[in-house]
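The basis for the numbers below is simple: all heavy atoms, side chains too, and nothing from hydrogens, waters or symmetry mates.
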Amino acid sequence: MALRRRLRPGDLAAGFVALAGLTLVHRPGPRGRRTPGGRAFALLVAVAVAVAVAVAVAVAVGAAAVGLCACARPGHVADRPAALRRAARDAVRAPSGSGPVVLAVATAALSAWMLLPLAFLVPGPPAPTLTAVDLRGNGVASRTGV
């Protein structure tokens, strides 16, 4: 019962994409026989899987950027949903602020991956980036003398 309440159309689409990917990888039947239209179907499934993966990666990266921007806001602990709404609104209004955040997180992740003893430095690159994006969003950086 609980599964039925939680099932959404996106879950069905993800299952279809996974099934299509498995169909692309696993080709049952004798090696000499070919299914009519098999190559066109395989190409269609490959394109559908590639698009689904690209959309999933873009959504995950965008959600991570919005989440980090929400955590960087003052007062985010007191009212997290409001901080997430403001960060999502700012990300939609000015998407150029999400790019530096994503690049800073990628830099931090690659640094930690390449040299594990420096993993404690991971918060370093995102911190000034998030501060700069927040200050730019508030109009502080556009004033003269700042």
Side-chain angles (χ1 to χ4, degrees), residues 1-29 31 35 38-146:
M1 273 301 178
L3 181 61
R4 267 193 198 148
R5 287 190 301 244
R6 295 179 55 196
L7 194 61
R8 297 177 304 229
D11 298 331
L12 295 175
F16 172 73
V17 169
L19 183 62
L22 286 174
T23 304
L24 180 65
V25 172
H26 179 69
R27 293 180 147 197
R31 296 238 186 241
T35 307
R39 287 187 181 184
F41 178 72
L43 180 65
L44 178 70
V45 170
V47 168
V49 168
V51 167
V53 167
V55 167
V57 167
V59 166
V61 167
V66 167
L68 282 171
C69 288
C71 289
R73 293 181 180 275
H76 77 279
V77 177
D79 193 10
R80 289 184 187 185
L84 276 172
R85 282 192 299 272
R86 284 191 306 255
R89 185 178 57 237
D90 291 346
V92 169
R93 287 184 184 167
S96 61
S98 298
V101 173
V102 170
L103 290 175
V105 170
T107 301
L110 287 175
S111 298
W113 172 68
M114 287 188 287
L115 197 55
L116 193 57
L118 294 180
F120 68 94
L121 296 175
V122 166
T129 305
L130 290 166
T131 303
V133 167
D134 191 38
L135 289 176
R136 187 181 70 179
N138 291 335
V140 174
S142 63
R143 293 189 300 206
T144 56
V146 178

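For the atom pair L84 CG and C71 SG, the distance stands at 7.5 Å (nearest 0.5 Å).
Residues V61 and V102 share a closest heavy-atom pair of CG1-CG2, 3.4 Å. A pairwise comparison of heavy atoms in A83 and A70 identifies O-CB, 3.7 Å as the closest pair. Looking at every heavy atom in both residues, L68 comes nearest to V105 through CD1-CG2, 3.2 Å.
Put simply, the side chain of L130 reaches to within 4.5 Å of the side chain of C69, judged on heavy atoms.
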